[in-house]
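Below, chain A is the first sequence line, B the second, and so on; all start at residue 1.
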Amino acid sequence: MAETRMAETEAPKTRPGTKRIIDREEAARARRRRIESIGRWTLPLVVLVLMIVLWDRICVWNDIPKYILPRPGLVAETLWNDAPILFKALLITLRTTILALLVAVIGGVGLAVLFTQSKLFEMSFYPYAVVLQVTPIVAIAPLIFIYISSKIVGMLLCAWIVAFFPVLSNTTLGLNSADHNLRDLFNIYGATRWQRLRYLQLPSALPYFLGGLRIAGGLALIGAVVAEYVAGTGGVGSGLAFTILESSYRLNIPRVFAALILIAATGVVIFMALSLLSHLLLRKWHESALKRES
Amino acid sequence: MAETRMAETEAPKTRPGTKRIIDREEAARARRRRIESIGRWTLPLVVLVLMIVLWDRICVWNDIPKYILPRPGLVAETLWNDAPILFKALLITLRTTILALLVAVIGGVGLAVLFTQSKLFEMSFYPYAVVLQVTPIVAIAPLIFIYISSKIVGMLLCAWIVAFFPVLSNTTLGLNSADHNLRDLFNIYGATRWQRLRYLQLPSALPYFLGGLRIAGGLALIGAVVAEYVAGTGGVGSGLAFTILESSYRLNIPRVFAALILIAATGVVIFMALSLLSHLLLRKWHESALKRES
Amino acid sequence: MSLEGTDVAATDAVTKGGATNEDGTSEGAPLLTLSDVSKVFNGDLVALNGMSLQVRAGDFVSLLGPSGCGKSTALRLIAGLSHPTSGKIDWTGGQGAGDLGVVFQEPTLMPWATVAQNVWLPWRLRGKSYASVKDKVLEALALVGLEKFAGSYPRELSGGMKMRVSIARSLVTNPRLILMDEPFAALDEITRHKLNNDLLALRAKIGCTIIFVTHSVFESVFLSNRIVVMAARPGRVIHEVAVDAPYPRDEEFRTSSAYAAHCRAASDALHDAIGD
Amino acid sequence: MSLEGTDVAATDAVTKGGATNEDGTSEGAPLLTLSDVSKVFNGDLVALNGMSLQVRAGDFVSLLGPSGCGKSTALRLIAGLSHPTSGKIDWTGGQGAGDLGVVFQEPTLMPWATVAQNVWLPWRLRGKSYASVKDKVLEALALVGLEKFAGSYPRELSGGMKMRVSIARSLVTNPRLILMDEPFAALDEITRHKLNNDLLALRAKIGCTIIFVTHSVFESVFLSNRIVVMAARPGRVIHEVAVDAPYPRDEEFRTSSAYAAHCRAASDALHDAIGD
Amino acid sequence: DKVSFGTNWLPEAEHGGYYQAVADGTYAKCGLDVTIVPGGPQVNNRAMMMAGRLTFNMDGNFLQPFQALKEGIPLVVVAADFQKDPQILMTHPGRLKDFKEMKTLPKIFVGDNAYQSLYQWLEQAYGLKASQRAVYTFNAAPFIADKNSAQQGYVTSEPYAVEKQGGFKPDVYLMADLGWNTPATLVEAMQSTLDKHPAWVKCFVEGSAIGWANYLYGDPSKGNAAILKANPEMTQDQIDYSIKAMKDHGIVDSGLSLKEGIGAMSADQIKSFYEKMVKSGVVDKGLDISKVFTTKYSNSGASLPVKKKLTDK
Ligand SMILES: Nc1ncnc2c1ncn2[C@@H]1O[C@H](COP(=O)(O)OP(=O)(O)OP(=O)(O)O)[C@@H](O)[C@H]1O
Ligand SMILES: Nc1ncnc2c1ncn2[C@@H]1O[C@H](COP(=O)(O)OP(=O)(O)OP(=O)(O)O)[C@@H](O)[C@H]1O
Ligand SMILES: [Mg+2]
Ligand SMILES: [Mg+2]
């Protein structure tokens, strides 16, 4: 057999011309791979540092006073000094966010499933989901808080309204995108509605759903902040919205930015967590998560 | 050939037992089809009417005064009487919405394309897109309006920040979901980056993109309303947000609801328009839009 | 009652339908009857034109014909996945939705499930836990030579392996009726022969009815007792070749002169169908 | 210089690699050389183990072997879609990325494009407008008998028709090297024979090199001048059968005794590969 | 009895009297357990009161009650704890020679509520234009950044922040001094509350007046502690500044209240304000404004003895 004869793996150096081309290619490939594996961590960091330096320079060059745009150093200092207040507030906002996201997922997926079960049901009720999405929270918040006595439930409802639509919309799309051959197969094997949903449509919808979830993650955070605004939680036990509001009224802008940075960082962390989740769930089979050669 | 012999199409009535089953099935199918084609239009209308009646009944049963939740009749009356004001305001909001959606599409797709061109680029800059998404507009609006003197540009920016992320996120997902066999094919035929993008990735991403667009449509509308809030166009030439603010200040709650209903209806119309667009673009080939038998 | 009389006559005509010799091997009760079934796509593409066919329990019917002649369409109609534009499909004994195994022309595997999970599917849809049918799943996989790949995902398989998973799935429940659309096209001839034999053995064991689409004249002759030859544009039945060799058939049959004669007949019919 | 000397010798060994007779029909300049190429998936699945092969310009090489023996993997390596775990693939004259036509085992059509647009693709990627290559596209479609379906979408085609579109696409640019992975598996034998003849005619006309995966011993003998027989687990080359019949080959060749002899040889090799 | 009172902003010294009265038990003495519900820019406490979720609500000036009257909402103002509206416009120092030049500034930052009320009047009375208005999002940075702008504020609050962060003392124009003669920090309740629980109203109005007297003239530390607790962002410095400003400008206690006690209202003053507003087209004419307020509880002089004791005046 051929391989026994050709045991010298790093093979013969024939035809130097040809050889060199391959070598250059291989070397380039190796180099690219090396750069990539380093870049994977350093580049984002470098960009982060650059962004911060740029922010700092912009402040200095344009002589921007700290009550308009504080320099990053000052924000970092504030973040450090005010950590106890800020992180307590963050925790509260985070709680609302996570609860809202959870409810958004349950509500969004639940509605999507209902909608795909019956076209007529979908046609009748989808518009109201859209209505919920486009209604300015600020305008209907009084109504919500009038009839829902628990502030927490009211806030959850507000954040949910903001966050649920992407989950609903993407999941519906996904449920309808199941491969038609597989759908036929399920029909033939006499799958019940529920089985088709469970074993075919839900897995097919997963990538779409996870996409919607990543959008909803950010929206839930915004929703939580907006909900705090309209619920007007003052005093102890209040979240980041309160901090931003009051600090900006008092022109304690460094603290506003510290709070904003916390929100932004939280958003990024939520996004990365959801991306990781998505990767873990899809890496075995979906195009978007598969590592491919070349 | 067989068919010539079997020309009597409504075929022999053998084995009445068997026959009847088929007949019943067929009849059921026909009935279902008939119901569906009627239901397609009437059911949503019926639900709409029911919703309105329910709203009215809730107002009556709970004795809700009109300055908290006006009855639908009153809102309709206001809508009719204040039509000139309201529709002028609607037009203005709509203009912002459409512009914002347009910019969101350009920005979202543009960024998504950039991101799929280089993994490193994506890793470095995607977080900032997330940051934009989760930043509360209210908090950074002052900064925007200090440095952007044109109110319209500022408003567009605000609405864009609200609306662009779903487009970006879904399009990125879609661009990465191109069938790997086709990707290989393009590689083999020596497609350039641009060609692969143009002929393979963009069409593959279309269903995802359109899903994102449908989410963004509603968000652009909300974004426009929020932008009006923070930009505060007073007086003539101001949109629905202003109408809502003013009317709610004047405790003219029926008009607030009339404006809200306009927003909701606009949202639904935008959604339906985008759904139609989606259907038209995908009906030739994508699962989610194909009509299938059975 | 006179009406009923005519009907029976008409049905008989159907039974003897197609062009040629209905033979003795078709002894079972009528299972399903296609009466003048047509299927038109997009209003003008006649995929199937007035197809009449009666399948009896225990039949092994092969559909043979050029690409695009409506074989898959006919199978889909029988499977109830699509409805005839005109004509009727009658099931005797309400078998219609019942105990069916199916192999599509494409492997049609769930990409998110492992090979074993894919094969488990028909059982799963009948509410069986994996543990309770694990033996059957592995047995079916062994039949197609994939027991070592039970834990692989479809994307890790070669084209022929995917198709074999699909075959294993169709057999795992020992169904009474099996519809197979070119199941062995992606396999080498030796594996193909082996699976042909296995399929016949299975058929002998559980006595199932099989409707089988193939492009191979040899395969159709070796496997079936009836070969329905179709022609394209419009898709229609133009011949029926009865293969009256008794079952069980083995490798010996492949070398028999009867086999060669049948092959010639089927091949001629196919040439006829293609019209050259 | 001594080093270079050894190299040439080693290369010769590669050229004569495989198990059997390198024959006279391989006269062109060396085009590509696989030297001890291995491919391992997931760290333990050896899809290809030390495959060595030299393809010369003008060769028609068939890869024959059981399902899962690494034929598609070898083709993917040659196409540059995947990189060998060890070993080298050398191209002479930088042909590597050049003028290539390819048929995957699956049809791989763009679902959003019509048949004509799918066939246009290779030209489109070279910057040709549809109008400027319309004739070629329609000609390629006519070759596979699909000129009437130019405006259809892939989902409206039968399995065999999809595959034929894929074949038309691979031929539309008259490429110098064509890689084909079981292109005719989904076609009936008559259409298959016709396309075999067409392929040989095309080869004669444009003088291209073809690497061809098939499961049909007959097809491989009829088409190629070299048959590489592979075995599975681990995927490897175990025989090479030279088919030294001269081109052009026609239907007469199919009935010649040389053909039968070659078929027997290839079939034996295949039996060897499957190990039964 | 448990009652609740919605304010118009986060806890601050401008609500000192109420926090004081809660903290030192003044309300408790007459039998009320008062919960103070803070407001905010997007919080709509008035709607909460109209829906019966709050007993009392704080309102900035009389325009809203007029609107309520017009819309037939049974809402009654029962006290005005500020004699003068603390609303100001401020500019960069020396930017204007006279408030009359305000109409020449390109940008005036005004919040939504003030735009609907105060600004409408300013347009009529001082010729300001709608196009000058920019949105005040309760962040003074844009004002500080732009020398040619003006900004709304409370005399007790915004100038302090600007002074501290912007490093300059803005020129302050108190609206009350320019003819904006509405009583302010109104306490309002629904007619039904007045009908069913007059005792609550009496207790709350008088208790608030006493609370304010204690807060301004006595030891405000209890009230301040309550404010600081409820609003961790608040500073003692800011509170001190606010109290001083309230005293300096006679926001709470001047004119009528000197004789009739904190919270007192005069029908004539309200009528005069109404007429001004009618003239500037902000409210409709012909409303029977006597229905929208009652001096029955506010003018009882409850705060006078307390103040006397504390100041010996
Ligand atoms: N969904 C569809 N829409 C439109 N036309 C269709 C559709 N499905 C099949 N056809 C057409 O119907 C005809 C028969 O198709 P079918 O798949 O039954 O062929 P087949 O005999 O299975 O061919 P093959 O051997 O190539 O699989 C073809 O001409 C095809 O174009
Ligand atoms: N992406 C992959 N990941 C893991 N294993 C793979 C992958 N692709 C192929 N394999 C494995 O490599 C082996 C060879 O596969 P290949 O597709 O080359 O077979 P083949 O000879 O083309 O077979 P067939 O005739 O069935 O198409 C198989 O065992 C398969 O399971
Ligand atoms: Mg088919
Ligand atoms: Mg293969």
Side-chain angles (χ1 to χ4, degrees), chain A residues 36 39-40 43-44 46-47 51 68-69 119-120 123-125 127-128 130-131 133-136 138-140 143 146 165-166 169-170 173 176-180 183 187 207-208 211-212 214-215 218-219 221-222 225-226 229 241 244 248 256 260 263-264 266-268 271 286-288 290 292 294, chain B residues 36 39-40 43-44 46-47 51 68-69 119-120 123-125 127-128 130-131 133-136 138-140 142-143 146 165-166 169-170 173 176-180 183 187 207-208 211 214-215 218-219 221-222 225-226 229 241 244 248 256 260 263-264 266-268 271 286-288 290 292 294:
Chain A
E36 232 167 58
R40 189 160 289 272
L43 203 59
V46 168
V47 172
M51 284 277 179
I68 292 178
L69 183 61
K119 194 83 198 151
L120 289 185
M123 290 192 70
S124 307
F125 290 97
Y128 301 94
V130 178
V131 166
Q133 191 212 9
V134 299
T135 306
V138 179
I140 56 158
L143 220 61
I146 283 170
F165 192 76
S169 170
N170 265 23
L173 180 61
N176 288 332
S177 295
D179 180 65
H180 71 268
R183 237 180 295 181
N187 275 344
Y208 290 83
R214 268 181 302 190
I215 299 171
L219 286 183
L221 183 57
I222 298 217
V225 172
V226 171
Y229 263 82
I244 291 177
S248 99
V256 171
L260 281 177
I263 291 183
T266 308
V268 173
F271 182 84
H286 195 257
E287 296 299 343
S288 66
L290 283 179
R292 299 241 170 236
S294 82
Chain B
E36 234 166 58
R40 189 161 290 271
L43 202 59
V46 168
V47 172
M51 284 278 178
I68 290 178
L69 182 60
K119 193 84 199 151
L120 290 184
M123 290 190 70
S124 307
F125 290 98
Y128 301 95
V130 179
V131 166
Q133 191 212 6
V134 300
T135 306
V138 183
I140 56 158
L143 213 64
I146 285 176
F165 192 76
S169 171
N170 265 22
L173 181 60
N176 288 333
S177 296
D179 180 64
H180 71 269
R183 238 182 293 183
N187 274 345
Y208 290 83
R214 266 182 302 193
I215 300 170
L219 287 183
L221 182 57
I222 297 218
V225 172
V226 172
Y229 265 84
I244 290 178
S248 96
V256 171
L260 281 177
I263 292 183
T266 308
V268 173
F271 182 83
H286 194 257
E287 298 300 343
S288 67
L290 282 179
R292 298 240 169 237
S294 84

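Distance check, rounded to the nearest 0.5 Å: CE of Met51(A) to CZ of Phe125(B) gives 5.0 Å. How far CG of Leu173(B) is from CG of Asn170(A): 8.0 Å, rounded to the nearest 0.5 Å. Put simply, CG on Leu69(B) and CD1 on Ile146(A) are 9.0 Å apart, with the number rounded to the nearest 0.5 Å.
Interface residue Ala178(A): only backbone heavy atoms are found under 4.5 Å from chain B. Heavy atoms of Ile68(B) lying under 4.5 Å from chain A belong to its backbone as well as its side chain. With a 4.5 angstrom heavy-atom cutoff, Ser169(B) touches chain A only via side-chain atoms. Within the 4.5 angstrom heavy-atom criterion, only side-chain atoms of Ile244(A), from C-beta onward, approach chain B. Contacts between Ile263(A) and chain B at a heavy-atom distance below 4.5 Å involve backbone atoms as well as side-chain atoms.
Looking at every heavy atom in both residues, Ala264(B) comes nearest to Val131(A) through CB-CG1, 3.8 Å. The shortest heavy-atom contact between Phe165(B) and Ile215(A) is CE2-CA, 4.1 Å.
Ranked by heavy-atom pairs under 4.5 Å with chain A, the list Val256(B), Thr266(B), Leu143(B), Ile140(B) is led by Leu143(B). Between chain B and the options Thr135(A), Val225(A), Leu260(A), Val46(A), heavy-atom pairs under 4.5 Å are most frequent for Leu260(A).
With contacts defined as side-chain heavy-atom distances shorter than 4.5 Å, the pair Val134(A)/Phe271(B) does not qualify.
Scanning for side chain to side chain contact (heavy atoms under 4.5 Å, CB included) contacts around Val226(A) gives Ile137(A), Ile222(A), with sequence neighbours left out. Residues that satisfy the side chain to side chain contact (heavy atoms under 4.5 Å, CB included) test with Pro44(B), not counting sequence neighbours, are Met123(A), Ser124(A).
Classification of the Tyr208(B)-Tyr208(A) ring pair by plane angle, with boundaries at 30° and 60°, yields parallel.
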